[in-house]
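Only one structure is covered here, and it is reproduced in the block below.
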Amino acid sequence: MELPSKYAPQQAESKWYQYWMENGYFRSTPDHRTPYTIVIPPPNVTGVLHMGHMLNNTIQDVLIRKARLQGFNACWVPGTDHASIATEAKVVAQLKEQGIEKSDLSREEFLSHAWAWKEKYGGVILEQLKKLGCSCDWDRTAFTMDPLLSDSVIKVFVDLYNKGLIYRGYRMVHWDPEALTTLSDEEVIYEERSGLLYFVSYPLADGSDRITVATTRPETILGDTALCVHPEDPRYAHLIGQEVLVPITNRKVPVIADEYVDPEFGTGCLKITPAHDPNDYLIGQKHGLELIDIFHPNATLNSYGGPFEGMDRFEARKAVAKWLEEHGFLVKKENHQNKVGTSERTKAVIEPRLSDQWFLRMDTLVKPALEAVMDTQEIKLFPKKFENTYKHWLEGIRDWNISRQLWWGQQIPAYYYGDAKTDYVVAESLETALALAREKSGNAQLDASDLRRDEDALDTWFSSWLWPISVFNGILDPENPEIKYYYPTNDLVTGPDILFFWVARMIFAGYEYMGEKPFTNVYLTGLVRDAQRRKMSKSLGNSPDALKLIEDYGADGVRVGLLLSASAGNDLLFDEALCAQGQHFANKIWNGFRLVQSWEVAEIPQPETAQLGIEWYRGAFNQTLAVIEDHFEKYRISDALMALYKLVWDDYSAWLLEIIKPAYGAPIDKTTYESVIGLLEQNLVLLHPFMPFLTEEIWQYIQPRSKDQALIVGQWPKPYATDMELTNTFGLAAEVIAGVRNIRQEHGIPQKELLSLCVLADDQFPKSWVPVITKLAHVEEVTWVEAAPEGSASFRVMSSECFVPLLGQIDPVEELKKLNDELAYTQGFLVSVEKKLSNERFVQNAPESVLALERKKQSDALEKIEMLSQRIAQLS
RNA sequence: GGGUGUUUAGCUCAGUUGGUUUAGAGCGCUACCUUGACAGGGUAGAGGUCAUGGGUUCGAAUCCCUUAACACCCACCA
């Protein structure tokens with residue numbers, strides 16, 4: 001059959017993906033085999049595939065496919081996350097475009113819009129993963145708001161509440177004025193921003209003096225309820241206990257003293273706005289200060305804003321500053337760098353805000369999670385450096401704010417029946433809630449209509465932290481066969497940016513609900529950056545279109561490109577050139593196959609060269625197989641691929657195929673043909689996890705295969721029984737061949753012209769390789785000589801000297817120069833070796849093996865120098 | 001402010017407990033090759049005082065300290 005000389009991935013990819021799907025190779029059900037399980041880090045349901053997804057899903061697919069080939073029952077559970085805040089923001093924006101405000105909708109109406117959106121766009125990213133070749137068990141596709149998963153979340157909430165780990169508290173929390181919800185500590189990103197430090201003077205109530213305070217937020221003056229100085233600050237000692245007038249409002253507030261104040265900073269006097277700053281809040285509590293909340297939820301000023309009411313906080317900042325300046329309260333302004341908390345999702349500047357929220361106590365959950373990683377190593381993080389980060393975070397962790405003022409998500413199962421703050425119950429169902437409420441209130445007349453369910457939804461991560469358990473229904477039905485079989489999962493592959501958000505919390509949940517770790521190995525990939533080291537982001541527009549890449553280079557090419565650049569634990573600088581390299585590699589493999597299948601097979605004896613080549617390659621294959629296993633164990637996927645790349649490109653294509661290649665038009669013997677097909681098939685198995693499409697394509701071209709002979713369910717190779725001696729001496733033969741090629745190159749001798757090769761050999765000369773040397777170096781014959789023939793170019797391999805007689809074509813001056821250069825190098829080398837050997841302390845201290853080695857180097861060098869000198873003498 | 005990590009060829013990175021290394025790979029680069037699988041190819045080659053300064057050692061890219069640059073994480077300093 002006539003195959004094209006360029007591998008065209010497009011048709012092959014859709015063909016084989018469909019074939020795999022139709023035959024159910026991705027499906028997994030519990031059986032007698034050992035399971036190998038990965039749960040996907042569920043991408044946002046509204047998301048589209050970006051480079052980060054491409055990378056970590058490629059890695060997961062490599063691991064899953066390899067496990068499948070190794071005979072494990074491989075199960076990769078796909079799914080999506082409802083991403084409460086991100087999705088809600090998108091839906092709100094979309095509704096706005098249609099002229100609908102969220103505030104005009106009921107919860108039910110809004111949710112029906114949100115579900116419609118999810119149905120429409122929710123599957124996109126999963127379809128894209130299929131294009132990449134991901135072999136997920138699609139029948140298991142889960143969504144964090146599926147009934148089963150949602151019920152799990154509610155059950156866990158109630159359970160944790162009953163255990164006393166979840167509580168409702170009035171706290172200062174991070175408020176996102178754009179999304180109109182609170183956020184957890186982890187969702188706040190601090191950014192360095194340059195702003196102004198305003199120095200504002202407050203008159204004493206009795207008019208006797210003025211005090212200047214420094215603030216970055218003059219608008220919060222409207223909520224000031226005290227000034228505060230350090231108790232031992234002599235500058236202000238006389239003012240403690242006096243009252244000052246707050247500018248604009250003319251409210252009288254006290255001057256108090258607290259050690260929190262740093263006398264060195266600003267003026268050493270701090271204004272206290274307990275409602276709008278976490279520290280001020282603490283000081284306010286300590287000193288019993290009044291709380292004045294000056295903002296609406298969207299961070300515009302409320303009625304406390306006086307003349308500024310209705311203004312946005314940043315607008316108000318300028319307006320207040322202007323007012324202060326005009327009325328003589330503003331002493332000066334200074335440039336000031338400070339860290340501003342922003343919302344991870346909306347980028348809005350966070351406003352500290354007091355409110356009633358639900359919290360999860362972390363102290364007891366943290367303990368087993370810390371031990372599992374730091375002490376018992378039940379869970380291993382790759383790369384290891386993240387263990388420290390993990391430890392630090394766990395040790396400094398604060399309670400987790402899990403309530404969100406959103407609708408898209410699991411609604412908190414708390415029901416209020418009265419006006420007091422404690423008039424609520426927590427229950428999985430309305431009926432239970434009613435019963436509990438009647439009991440708690442002592443009012444048997446309570447009726448379902450008297451219960452008001454908490455309006456808030458739960459943090460997205462409060463559902464995804466159960467993911468490895470809930471996808472197997474392990475929360476609602478902990479004894480079911482699936483969870484017992486698949487849990488704990490094996491590997492988790494994700495980005496380090498969600499180590500705290502997700503990974504750590506899954507570990508908490510695993511120990512709390514399964515009494516066991518959720519996974520054994522966590523492989524944290526690097527961030528994908530562009531060639532200039534910038535993060536890939538939509539706003540920079542430097543993120544390539546994932547699907548376009550697949551179209552251009554083929555999924556296999558993209559996978560290889562991505563993996564080649566992703567050395568373990570480092571950020572990866574993505575460059576399309578690497579996808580091209582992957583594509584070239586695919587083509588190389590394709591053409592290697594094209595060559596073999598073009599041969600006519602005949603019942604003729606096997607040439608010695610072919611026998612040697614096959615035997616040697618088996619050894620090389622064994623070595624690479626071992627290297628690959630080792631790399632995989634350490635999650636060095638990139639290195640594993642590179643080892644394979646070299647095996648296939650150099651050893652298989654460049655050497656083996658050249659060695660066995662019959663003369664043009666001549667047939668190949670059957671033995672060699674069958675061996676090389678066998679070797680090719682083994683290569684394909686190793687390559688399959690990385691390049692699933694191409695390998696299946698060739699695999700099926702080689703011969704028709706039945707359903708259970710497909711490559712995807714093939715068998716991982718075992719090492720060949722082979723003569724490693726041949727493998728080990730091949731390197732020398734290759735050097736001889738390279739030596740001859742080099743001489744050809746230097747003297748411009750075409751391939752067609754056969755040369756002869758004379759060798760002044762010692763024992764180490766690879767004599768068994770002579771037939772191969774003859775063939776690949778285009779040498780007529782190899783003869784053994786005792787002295788250098790007249791007019792030869794020469795090179796050395798170990799301590800054998802090789803000559804290519806080139807009467808009349810040799811420039812003795814050139815040849816001499818070459819020899820002299822080599823002599824100089826060898827002498828330099830000898831000096832360094834002898835320096836060591838003449839050092840008594842080296843001889844005394846170094847281990848025998850090292851000494852022997854140095855002595856060998858010395859004698860080799862001496863011998864070489866002698867031979868070189870002879871040649872030089874001869875020529876000059 | 002605290003912590004972690006990085007710094008090896010033009011680029012991206014290996015270099016495993018210090019000794020088979022006057023340091024390796026891939027890509028790129030240079031020269032030559034219309035070589036019957038592949039120019040998305042082949043052959044050959046150039047290219048590094050292992051960030052800096054010091055120390056330990058018979059021996060350091062590798063261990064210790066200094067300095068510098070970069071990256072990331074954590075932290076309520078107005």
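Below, each value reflects all heavy atoms present in this structure, side chains not excepted, and no hydrogens, waters or symmetry copies. Here is how names work: the chains are called A, B, and so on, in the same order as the sequence lines, proteins then strands, and each is numbered from 1.
In this entry B/rC29 has B/rG45 as its Watson-Crick or G-U wobble partner, both defining distances falling under 3.5 Å. Using N1 to N3 plus N6-O4 or O6-N4 for Watson-Crick, or N1-O2 and O6-N3 for G-U wobble, each under 3.5 Å, B/rU35 pairs with nothing. In this structure, B/rU17 makes no Watson-Crick or G-U wobble pair, since no nucleotide meets both defining distances under 3.5 angstrom. Shown here, B/rG1 forms a base pair with B/rC74; the pair counts as Watson-Crick or G-U wobble because both key distances fall under 3.5 Å. Base pairing analysis places B/rC50 opposite nothing; no Watson-Crick or G-U wobble pair with both distances below 3.5 Å involves it. Pairing for B/rU7 goes to B/rA68, judged as Watson-Crick or G-U wobble with the two contacts each under 3.5 Å.
Note on A/Arg193 versus A/Glu191: salt bridge recorded, some NZ/NE/NH1/NH2 to OD/OE distance being below 4.0 Å.
Remark: the separation of the P atoms in B/rA25 and B/rU21 is 13 Å, to the nearest Å. The separation of B/rU6 from B/rA51, taken at their P atoms, amounts to 12 Å, rounded to a whole angstrom. On the P atoms, B/rG53 is 15 Å away from B/rA68, given to the nearest whole Å. On the C1' atoms, B/rC13 is 23 Å away from B/rU17, given to the nearest whole Å. Rounded to whole Å, the C1' atom of B/rU8 lies 7 Å from the corresponding atom of B/rA61. For B/rA39 and B/rC33, the C1' atoms lie 10 Å apart once the distance is rounded to whole Å. Here, B/rC70 and B/rC27 have their C1' atoms 24 Å apart, quoted to the whole Å. Nucleotides B/rG54 and B/rU67 have their P atoms positioned 15 Å apart, rounded to a whole Å.
For A/Ser5, taking side-chain heavy atoms from C-beta onward, the closest of the listed nucleotides B/rC38, B/rC77, B/rG26 is B/rC38. Looking at the side chain of A/Lys646, the nearest of the listed nucleotides B/rA78, B/rU43, B/rA25 is B/rA25. Of the candidates B/rU16, B/rC27, B/rA37, the closest approach to any side-chain atom of A/Lys588 belongs to B/rA37. Nearest to the side-chain atoms of A/Leu853 among the listed nucleotides B/rC73, B/rU20, B/rG5 stands B/rU20. Distance from the side chain of A/Arg594 is smallest for B/rA37 among the nucleotides B/rG40, B/rA37, B/rA78. With distances taken from any side-chain atom of A/Gln581 to the nucleotides B/rC27, B/rC74, B/rA25, the minimum falls on B/rC27.
Within 4.0 Å of A/Glu658, counting heavy atoms only, lies at least one base atom of the nucleic acid. Using a 4.0 Å heavy-atom cutoff across all strands shown, A/Ala738 reaches sugar-phosphate atoms only and no base atom. Within the nucleic acid shown, A/Gly396 has no heavy atom closer than 4.0 Å to any nucleic acid atom. Nucleic acid contact class of A/Lys661 (heavy atoms, under 4.0 Å, all strands): base. Within the nucleic acid shown, A/Gln745 comes within 4.0 Å of at least one base atom, counting heavy atoms only. Using a 4.0 Å heavy-atom criterion, one finds that A/Leu270 contacts the bases of the nucleic acid, with or without backbone contacts as well. Within 4.0 Å (heavy atoms only), A/Pro352 reaches no atom of the nucleic acid at all. Heavy atoms of A/Asp277 sit nowhere under 4.0 angstrom from any nucleic acid atom. At a threshold of 4.0 angstrom between heavy atoms, the contacts of A/Trp599 with the nucleic acid are absent. Base contact: A/Tyr260 has a heavy atom under 4.0 Å from a base atom. Among the protein residues, A/Val213 comes within range of no part of the nucleic acid, since none of its heavy atoms lies under 4.0 Å from any strand.
A/His584 has a side-chain polar atom (N or O) that falls below the 4.0 Å cut-off from OP1 or OP2 of B/rG41. In this model, the phosphate group of B/rC27 is approached by a side-chain N or O of A/Tyr645 to a distance below 4.0 Å at OP1 or OP2. For B/rU43, the OP1/OP2 oxygens have no side-chain nitrogen or oxygen of A/Asn742 closer than 4.0 Å. Taking 4.0 angstrom as the limit, A/Trp649 places a side-chain polar atom (N or O) nearer than this to OP1 or OP2 of B/rG42. In terms of phosphate contacts, A/Arg529 brings a side-chain nitrogen or oxygen within less than 4.0 Å of OP1 or OP2 of B/rC72. For B/rG15, the OP1/OP2 oxygens have a side-chain nitrogen or oxygen of A/Arg636 closer than 4.0 Å. Not one side-chain nitrogen or oxygen of A/Lys857 sits closer than 4.0 Å to the OP1 or OP2 atom of B/rG19.
Aromatic ring orientation, A/Tyr645 versus A/Phe585: tilted (interplanar angle from 30° to 60°). In this structure, A/Phe382 and A/Tyr635 have tilted ring planes: the angle between them lies in the 30° to 60° band.
As a whole-Å value, the separation of A/Phe265 CZ from B/rA78 C1' is 5 Å. One can place CZ of A/Phe500 at 8 Å from P of B/rA75, the figure rounded to the nearest angstrom. Atom CG in A/Leu595 sits roughly 14 Å away from atom C1' in B/rG42 (whole-Å rounding). At whole-Å resolution of the value, CD1 in A/Ile397 and P in B/rC73 are 17 Å apart. Here B/rC33 presents its P atom at 13 Å from CD of A/Gln751, a figure rounded to the nearest Å. Rounded to whole angstrom, the span from the CD1 atom of A/Ile668 across to the P atom of B/rA37 amounts to 12 Å. Atom-to-atom, CG of A/Leu776 to P of B/rG42 comes out at 15 Å; the value is rounded to the nearest Å. Atom pair A/Ile743:CD1 and B/rG45:P shows a separation of 12 Å (rounding to whole Å applied).
Residues A/Ile628 and A/Ala643 come closest through the heavy atom pair CG1-CB, 4.2 Å. Taking each heavy atom of A/Leu370 and A/Glu395 in turn, the nearest pair found is CD2-CG, 4.1 Å.
Using a 3.5 Å distance cut-off with no hydrogens or angles, the side chains of A/Thr624 and A/Lys646 do not pair a donor with an acceptor.
Residue-to-nucleotide proximity on RNA chain B shows that, of A/Lys339 and A/Tyr7, the 5′-proximal contact is made by A/Tyr7. Each of A/Asn591 and A/Arg398 was matched to the nucleotide of RNA chain B holding its nearest heavy atom; the match closer to the 5' end belongs to A/Asn591.
Between the A/Asp571 side chain and the A/Gly526 main chain, no donor and acceptor come within less than 3.5 Å of each other.
B/rG36 has A/Tyr664 stacked on its base ring, the centres lying under 5.5 angstrom apart and the planes within 30 degrees of parallel.
Put simply, the side chain of A/Ile350 reaches to within 4.5 Å of the side chain of A/Ser343, judged on heavy atoms.
A distance of 10.0 Å separates OG1 of A/Thr215 from CG of A/Leu324, quoted to the nearest 0.5 Å.
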Yes or no on side-chain contact (heavy atoms from CB on, under 4.5 Å) for A/Ser355 and A/Val173, after CA distance, side-chain angles and deciding distance? CA-CA 7 Å; A/Ser355 59; A/Val173 290; 3.5 Å; yes
